[in-house]
Structures are given as C-alpha cells and as structure tokens.
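Okay, structure first, notes after.
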Amino acid sequence: MGRELRVRFAPSPTGYLHVGGARTALFNWLWARREGGVFVLRIEDTDVTRSERRFVEGILKALSWLGLDWDELYYQSGRLDVYRAYAERLLREGKAYRCFCTPDEIAQRLKGLRGVEYDGRCRDLSPDQVEKYLAEGRKPAVRFIVPEEKKHTAYLDFLRGEIEFKRLTTGDFVIMKSDGTPAYNFACVVDDYEMGITHVLRAEDHISNTPKQIWLYEALGWEPPEFGHLSMILGPDKRKLSKRHGATSVEELRDHGFLPQAVVNYLALLGWSHPEGKEILSLEELVEAFSLERVTLSPQIFDFERLRWFNRKHLARLPSGELLQAAEPFLKWLGEEALADREKLTKALGLVVPSVSTLSELVGHPDLIALFRRPTLSNEVLNELSQGKKLEVLEKIVARLPSRLTRDDLRPLVRKVAAELGLKPRDVFHPLRLALTGRDKGPELAAVCEILGTEEVLARLSQALATTKSER
RNA sequence: GUCCCCGUCGUCUAGCGGUCUAGGAUCCCGGUCUUUCAAGCCGGAGGCGGGGGUUCGAAUCCCCCCGGGGACACCA
C-alpha cells in the first residue's frame with residue numbers, strides 16, 4: 001500500500017478551461033479527496049508564444065468556481081533550469097543529442113508527411129561538427145534517442161489494462177526546443193517525477209504519449225507513475241469537442257447561467273456512474289461515492305440538454321439566499337431600485353426561477369418585467385378587456401379589494417366575484433391577469449399579487465380600467 | 001498511410017454467463033393537476049453494430065468484420 005496518492009491536473013494556459021479539461025480535473029480531484037491524497041495543479045506554460053497570463057487566471061478562477069481546490073501549485077515556466085539540467089545529463093550520458101535541423105528543413109526532407117519519423121540526421125554528428133555549429137551561433141534542439149527495439153512496447157493502463165504498441169513510428173523526438181524551453185513530454189516526465197506524482201489520470205488523447213514518457217523515465221533511471229486514460233468528450237457531431245461546438249468552456253457556461261453545482265454534477269456523470277444510480281449529487285456526495293471502478297471508457301457526447309436538466313434540478317434545490325447571489329449578475333437590467341429590494345427580489349426569484357433552465361434566461365424575462373414594471377397594455381389586451389363582462393369583473397375586484405391583500409385572499413375574492421357575475425373562476429382570473437401584467441400567462445396570480453402589494457395591484461387595476469374605457 | 005482506444009435506447013448510463021421478453025435518467029410524444037405557462041405526477045415510443053465461435057445458457061467470454069473516435073510537431 002505504501003505511498004499516499006498524488007495526482008495532478010496539468011493544463012496549458014493557451015485558452016480557457018474547456019469541459020474536457022474540467023472533467024479530467026474533477027476526476028483527479030475527486031479521486032484525491034476520496035483517498036485523502038494530494039491534488040497538484042501544474043500550469044504547463046512552456047510555450048511562450050501561446051501561453052497567456054489571462055488564461056492562467058481564467059483557469060484558476062474556473063477551477064475555484066467549480067469548487068475544486070488544489071494542494072500545490074506549480075508553473076513550468078519557473079522551472080526551466082530543472083529541465084535544462086536533466087537534458088544536460090541525458091546529453092552527457094549519450095542518451096540524447098543536439099539537433100541542428102530546423103523545422104523547415106525537416107519538413108522539406110520529409111515532404112511534410114504525417115507519420116514519418118525524423119531521420120536522425122544529427123544523431124551521429126561529430127563533436128567537432130557540433131562545436132562548429134555552436135560557434136556559428138546556431139541554436140540546437142535536443143533530441144532523445146529512441147532505440148529501434150523499443151518501438152515495440154507496452155504498458156499497463158490502470159483503467160484499460162495492457163496496451164501494446166506493435167510498431168511505433170516515433171523517431172528521435174525533441175525534448176528541449178531550440179529556444180531552450182522543454183518540450184511537453186520531457187517537462188511532463190521531469191515534473192511528474194519531481195512532484196512525486198503516483199498516478200497520472202488524463203484523457204485518451206495522451207495514450208500515444210505514454211510510451212515516449214516511459215522511455216524517458218527509463219533513461220533517467222526513475223520508476224514511472226501508473227497511467228490511466230479517461231475517454232474523450234465529443235461534440236454532437238462526434239468530433240473532439242472544440243470552440244466551434246458553442247459554449248464549451250467553463251467560463252462560458254458560467255456566463256450562460258449554469259450553476260457550478262450543475263456543471264460538476266453533469267461532468268461527474270459523464271464517464272462515471274453512481275453505484276446506486278443516484279443522479280443529483282453535490283460535490284461532497286461525489287467525493288463520498290467516487291471510485292475508479294465505475295469509470296466508463298467509451299467516448300461521451302457533450303449534451304447541452306442534459307446539462308440544462310441538471311441545472312434546473314440544482315436551481316430548484318438552491319437556498320433562496322444563494323439563489324439570489326447566483327442570479328444577481330443576470331438581474332442588473334432590472335435597475336438599481338429593483339436590485340435594492342432584496343426581499344421582493346427573493347420572492348420574485350422563487351416564482352420565476354422554476355420556469356427557467358439557466359439563469360441567463362432571467363435576462364428580460366417577461367414574468368420579472370411584469371413584477372417590477374407597470375405594464376403598458378397592448379391594443380390587443382385592451383380590446384380583450386373591453387369584451388364581455390371583463391370590465392365589470394375588474395370593477396368588482398377593485399371594489400372588494402381588502403386594504404391589505406395577502407396570498408390567501410385572492411382565491412376567495414375571485415370566487416365571490418365570479419359567483420356574483422355568474423362566471424367561472426377562470427373567467428375572473430384571466431382578465432385580472434391581463435390587467436395586472438399585460439400577459440395571459442405567468443406564475444400563480446395570488447403570489448404575483450402579494451409581491452406587487454395591495455397598493456400596486458390597485459394602481460394597476462385602476463389604470464387598466466381607465467385606459468380600457470378611454471379606448472372604447 | 002501507420003499505431004492506439006472504444007462500440008447497450010437520439011443522449012448519459014445500469015448490466016461484470018442464467019434474476020434481461022435489457023433497468024434508470026434525459027430528450028420527444030400523450031395524459032393529469034392548475035386561473036394560464038412552466039414545474040410536478042402518470043403513461044408511451046425508443047437500444048445490446050454484424051457474423052462466427054465457447055457454453056446447457058450470452059448484452060455479458062474469444063475471433064473476424066464493420067462503425068466511431070484519438071494520436072502521429074521544436075503544441076500541450
């Protein structure tokens with residue numbers, strides 16, 4: 001049993017955190033938390049041209065938003081000396097060599113074909129030749145020597161079992177780029193070793209990198225960690241999920257009004273299932289139930305509809321205080337005055353939120369407009385109100401309105417008025433709703449009235465009455 | 001082209017040789033409740049990619065085919 005579990009999530013800050021990465025992070029995090037292990041976050045920012053500070057911040061923020069915290073944080077850009085030292089060692093031991101070929105030259109020689117390995121041209125350069133090139137100021141890359149017999153290899157994947165490669169077409173690959181920064185496979189190995197990573201849990205697209213990394217471990221005399229590969233998350237077209245599939249980054253989901261709880265819950269169930277088939281789960285419950293045994297290996301399609309369902313469920317179970325806090329960014333359009341009335345806002349949300357799937361649907365929501373702004377009755381509505389006994393209905397309601405209208409008062413009031421006029425309750429509710437909100441649908445009217453308050457109800461009814469009459 | 005992974009309703013999945021005429025969830029459709037819409041509740045439609053084996057018995061094990069995906073950079 002021995003060592004404690006140490007896992008890591010190693011994103012490169014060349015873009016926002018997308019859902020695939022988020023799921024990998026989540027699974028690693030859940031596993032670490034479940035086993036009382038350590039979750040390491042490592043920013044792989046060795047590609048200076050593509051890495052950006054804002055992406056680093058975005059990724060950290062997105063992880064925090066999801067509720068995933070890390071125990072240790074490293075930046076590869078701050079460890080360049082470490083990689084150089086190990087590269088020097090491999091050079092010294094004859095396990096790597098300096099390569100002066102430029103990418104252009106190689107592309108030329110190999111005709112830019114895919115799957116064609118580097119021809120090893122610089123492998124046997126004489127020391128003199130190397131010195132000469134260096135003296136000329138040429139900047140070499142460092143390539144790792146891949147012995148022919150190693151190209152048939154295998155490793156034991158802790159999720160998939162033995163994975164065997166019959167004949168890899170990996171030539172001597174670059175471990176240090178000519179600009180002095182390490183290439184991915186090298187930095188990754190050095191760091192996983194130095195950071196004491198015991199298990200590498202990542203997505204399937206890294207399976208083909210695993211042999212290279214294992215060779216590196218062998219060359220450096222280190223025991224490799226265990227490797228396990230998760231499935232891929234695909235778009236609806238079954239292609240690797242990318243920007244063109246719409247909102248696929250965590251920050252976009254947040255901006256679209258998804259709750260972190262919902263995103264986490266959805267992602268957890270994408271490639272993993274609860275032993276008892278439970279579906280709505282909190283982060284704590286996920287930690288409690290998580291295990292590698294229930295991980296699914298077939299690729300999953302990212303299903304927005306399903307995410308929306310999870311969001312509805314989590315929206316429904318969110319305490320009103322937290323709901324208001326989460327909804328606030330989507331309520332700015334209501335104006336300062338409305339925003340200041342927390343009590344009314346909370347009640348209004350309780351009424352309106354059950355009808356939305358995402359918080360962004362609150363923006364310009366007609367039910368909210370009806371609650372916070374006095375309606376302008378359309379000609380259609382005015383015409384409707386002038387038909388039949390509708391004006392009488394409104395007048396009677398106004399006449400019988402108690403000085404303080406509560407939620408429980410409306411129904412008896414409506415029944416009474418309906419009875420007096422020989423109408424069905426619905427024939428009273430309908431014009432009342434129209435006059436009050438300008439719409440023929442919306443939340444329970446009694447609740448709407450209570451939120452509006454007696455004064456406002458009276459004002460709206462009077463106004464509706466006046467306008468309808470003047471139009472007639 | 002080479003190598004690797006995967007294959008249960010449209011989607012997410014349960015299933016780890018018999019309890020499966022394959023269960024749940026979502027989506028879709030219908031009904032119900034309600035003053036309306038939504039939610040809720042009830043019901044319906046919908047699947048083991050194909051072919052060979054192994055076995056008394058295969059969704060479950062093996063092989064082939066087919067299909068889908070991924071990787072083949074001085075990107076990570």
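Predicted, not measured: the structure shown is a model, and the values here were computed from it. So that the names make sense, note that chain A is the first sequence line, chain B the second, and so on, each numbered from 1.
- The separation of B:rU2 from B:rG50, taken at their P atoms, amounts to 27 Å, rounded to a whole angstrom.
- Counting any heavy atom pair closer than 4.0 Å across all strands shown, A:P443 reaches a base atom.
- Both cation-pi conditions hold for A:K212 and A:F173: the charged atom is under 6.0 angstrom from the six-membered ring centre and inside a 45 degree cone around its axis.
- Counted by atom type alone, A:Y74 and A:Q76 present zero donor-acceptor pairs between their side chains at under 3.5 Å.
- In this structure, the CG atom of A:L110 is 10 Å from the P atom of B:rC74, given to the nearest Å.
- Residue contacts shown for A:R167 are limited to sugar-phosphate atoms, with no base heavy atom under 4.0 Å away.
- The base of B:rC74 sits within donor-acceptor range of the side chain of A:S178, with an N or O pair under 3.5 Å.
- Taking the centre and axis of the six-membered ring of A:F310, the NZ or CZ atom of A:R306 falls outside the cone set by 45° and 6.0 Å.
- To the nearest angstrom, C1' of B:rA38 lies 14 Å from CG of A:L368.
- Counting non-hydrogen atoms under 4.0 angstrom, A:E117 reaches nothing in the nucleic acid.
- Among the protein residues, A:R312 comes within range of the sugar-phosphate backbone only, with heavy atoms under 4.0 Å from sugar or phosphate atoms but none that close to a base.
- When only modelled atom types and interatomic distance are considered, A:Q213 and A:N185 share a side-chain donor-acceptor pair under 3.5 Å.
- Between A:R98 and B:rC74 there is no side-chain N or O to OP1 or OP2 distance below 4.0 Å.
- For A:K441, no side-chain nitrogen or oxygen approaches OP1 or OP2 of B:rU34 to under 4.0 Å.
- Side-chain contact check for A:Y266 and A:N311: no donor-acceptor pair (N or O, by modelled atom type) lies under 3.5 Å.
- The residue A:Q300 sits close only to the backbone: its heavy atoms come under 4.0 Å of sugar-phosphate atoms, none of a base.
- Within 4.0 Å (heavy atoms only), A:C101 reaches at least one base atom of the nucleic acid.
- The side chain of A:N185 lies closest to B:rA76 when the candidates are B:rA38, B:rA76, B:rA71.
- For A:R433 against B:rU35, a side-chain N or O and a base N or O form a donor-acceptor pair under 3.5 Å.
- Computed from coordinates, the A:E204 CD to B:rC5 P distance equals 9 Å when rounded to whole Å.
- Residue A:K424 is out of contact with every strand shown, counting any heavy-atom pair closer than 4.0 Å.
- Between the NZ atom of A:K238 and the C1' atom of B:rC12 there is a distance of 13 Å, given to the nearest Å.
- Relative to the six-membered ring of A:F227, A:R202 misses at least one condition, a distance below 6.0 Å or an angle of at most 45° to the axis.
- The distance from atom CZ of A:R317 to atom P of B:rG40 is 15 Å, rounded to the nearest whole Å.
- Which of B:rU35, B:rU13, B:rC3 sits closest to the side chain of A:R426 comes down to B:rU35.
- Among the protein residues, A:T46 comes within range of the sugar-phosphate backbone only, with heavy atoms under 4.0 Å from sugar or phosphate atoms but none that close to a base.
- Using a 4.0 Å heavy-atom cutoff across all strands shown, A:G442 reaches at least one base atom of the nucleic acid.
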